[in-house]
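So the structure is just underneath, and the comments pick up after that.
None of the values given here were measured: they were computed from a predicted structure. Residue numbering restarts at 1 for every chain, and letters A, B, ... go by the order of the sequence lines.
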Amino acid sequence: MSANLDAMYQEIILDHYKHPHNAGLREPFEAEVHHVNPTCGDEVTLRVHLDGSGPDATIADVSYDALGCSISQASVSVLTDLLIGKPVKDAMSVHEEFQSLMQGRGKIEPDEDVLEDGIAFAGVAKFPARVKCALLGWMAWKDATSQVVGAGNAAAEEKA
Amino acid sequence: MTRQLPGLLEGLDLIRQDFPILERTMEDGYPLVYLDSANTSQKPQVVIDTMVDHLERHNANVARAVHQLGAESSEAFEEGRTKVAAFIGAPEREEVVFTKNASEALNLVANTLAWKGPLQVGPGDEVLITEMEHHSNIVPWQLLTERTGATLKWFGLTDDGRLDLSNIDELINERTKVVSLTWVSNMLGTINPVQEIAAKAHAVGAVVVVDASQAVPQMPVDVVASGADFLAFTGHKVVGPTGIGVLWGRRDMLEQLPPFLGGGEMIRTVTMEKSTYADIPSRFEAGTPPIVEAVGLGAAVEYLGHVGMENIRAHEEAITRYMLDGLKNVGGVKVLGPADAGDRGGAVSFELDQVHPHDVAQLLDSRGIAVRAGHHCCKPAHKRFGVQASARASSYLYTTPEEIDAFIEGLEYTKKYFRVD
Ligand SMILES: Cc1ncc(COP(=O)(O)O)c(C=O)c1O
């Protein structure tokens, strides 16, 4: 039995896969994106709803509809648990932490205080082919959130 | 000792010894079980040695060197062409054009049909493909029709993964300029009635292009009997190297195509104002060609010829039947494509209930079993069957029944791991 395999398919990941949190697309939302992993066809449609604007905005909701493997499904489920309710600023640093963990080829020690359930994905980083699966939902979230924040900034600049 | 099944290659153990990679041990001590040959095939020692020998002893550019090495290299390169021509029954060796891969071969035809010439495709014309094509035989035709104002049409598929030919007389009509289809599907395994469709296409004056990327590796191919005007395949799936593909075209058809890429070797003479072009095949081989790859491809098709393509086809059929029978006994498995091994090639795509194909492939890989997971460059065909992705196990001349047993056991293990009830 492969130790690497068990390191990747953590209990937490299998749980999120079988019972995804915050799944489904909900209203209201300010941005919706559709991301695809072109090599394997995994897809996610993701919506972001922010409360407030500017640097103080918080993530009121992240809703999604995802098609894909256990890793990509579990990862977007964990994302919603981690980011909903956080100020955009903090959410962005969680994103950064998760991304560097995934791109660290298994050599980065994850920070449990920041990533919580997200540390379960540390084992995925050893499988280069699966890193994109784990990042699919996270890239979609960043894209959608940047769109909302960017639109807010543009509007603010116009006023100024 | 391998188990006996009717149709298996004689001396399978010896054939396996020709492929050094098959001796590899993977992580955790599992022997390699390579079931991804529809993606790329493994290489026999003779191909590796022939390429190394060329690089060690005969390396030079072709066609432009006066020295001895240049002559040797040119001869070896052209011998590759001769061997490929013989292997596919091409009436003339000049009808074999070397490209980078099958994708480039298909693009060569689709791209040049946009330009002025006797075969030019224009507004009002129709190009007909099928819903089971590899992206390499879809996108070039989308580009052609978008650029020329022609219309793209396609054959749909039946529920059991065959071409739906019920509306063939509507689809192939006097506006049809090109019919391009795969001989053997890389996803569904289906073997298409290429001859019958080519005859209908020719009756309305259409050009017939056949994507034989999965056919040439697996069964005897006679380009003339196939009815194709152009036929493409790729070197790395016929136990040859990557970096080389083949476009075969009937001489009179190739001669009607305008040049594709411009550059060295494809010209007769060049002035600052204009150029005139070389005869086929050089006209379509701009720049330094894949030399050592052509030498390797020659050795590859010669190797397959020695084993015998009839024998390889019988072997693939026997192994595929054995695999399909094994899959029937794994609860929750759904095979996409024809159920009878007699009607299909050796690529078997399937779904496993409650486990995503990536996870299937990952679990199998942890036991040394290599399969493919994803859309296999056939997104439209997956969509047709309402699946986003599938896992695919594909055999070749070196595959044994014991490897299929390991694969089936691996699936049971996968189900247990993911707690599928
Ligand atoms: C049916 C079919 N057509 C075309 C191709 C493309 O081959 P290549 O990637 O070598 O161009 C493949 C293989 O991937 C194939 O299976």
Could you pull out the closest heavy-atom pair between B/Tyr413 and A/Leu5, with the gap in Å?
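Heavy atoms of B/Tyr413 and A/Leu5 come nearest at OH-CD2, 3.9 Å.
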
Winner by heavy-atom pair count (cut-off under 4.5 Å) against chain A, out of B/Asp365, B/Asp359, B/Val355:
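Highest number of heavy-atom pairs under 4.5 Å: B/Asp359.
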
Using a cut-off of under 4.5 Å for heavy-atom pairs, which of B/His375, B/Gln362, B/Arg419 has the most such pairs with chain A?
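The candidate making the most pairs under 4.5 Å is B/Gln362.
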
Go through A/Leu67, A/Asn37, A/Leu14 and name the one with the most non-hydrogen pairs under 4.5 angstrom from chain B.
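Among A/Leu67, A/Asn37, A/Leu14, the one with the most close pairs to chain B is A/Leu67.
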
Could you look at A/Phe127 and say if it's the side chain, the backbone, both or neither that has a heavy atom under 4.5 Å from chain B?
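Side chain of A/Phe127 only, per the 4.5 Å heavy-atom cut-off to chain B.
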
Atom group of A/Asn4 that falls short of 4.5 Å from chain B, counting heavy atoms
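Side chain only.
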
Does any non-hydrogen side-chain atom of A/Asp42 lie less than 4.5 Å from one of B/Gln388?
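Sidechains of A/Asp42 and B/Gln388: in contact.
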
To the closest 0.5 Å, what do you measure between OH (A/Tyr17) and CZ (B/Phe418)?
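Going from OH on A/Tyr17 over to CZ on B/Phe418, the span is 7.0 Å.
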
Greater than 12 external heavy atoms within 6.0 Å of [X]'s [atom1]:
X: A/Arg26; atom1: CZ; value: yes
X: B/Lys415; atom1: NZ; value: yes
X: A/Lys142; atom1: NZ; value: no

Go through it in stages, so that I can follow the logic: the residues are B/His356 and A/Gln73, the test is side-chain contact (heavy atoms from CB on, under 4.5 Å), and I'd like the CA-CA distance, side-chain angles, deciding distance and then a yes or no.
CA-CA 10 Å; B/His356 190 275; A/Gln73 301 262 56; over 6 Å; no

Are B/Lys383 and A/Glu43 within salt-bridge range, i.e. N to O under 4.0 Å?
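Result for this pair is no, no salt bridge flagged.
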
Could you walk me through whether A/Val36 and B/Lys379 pass side-chain contact (heavy atoms from CB on, under 4.5 Å), step by step?
CA-CA 12 Å; A/Val36 179; B/Lys379 276 196 116 168; 3.9 Å; yes

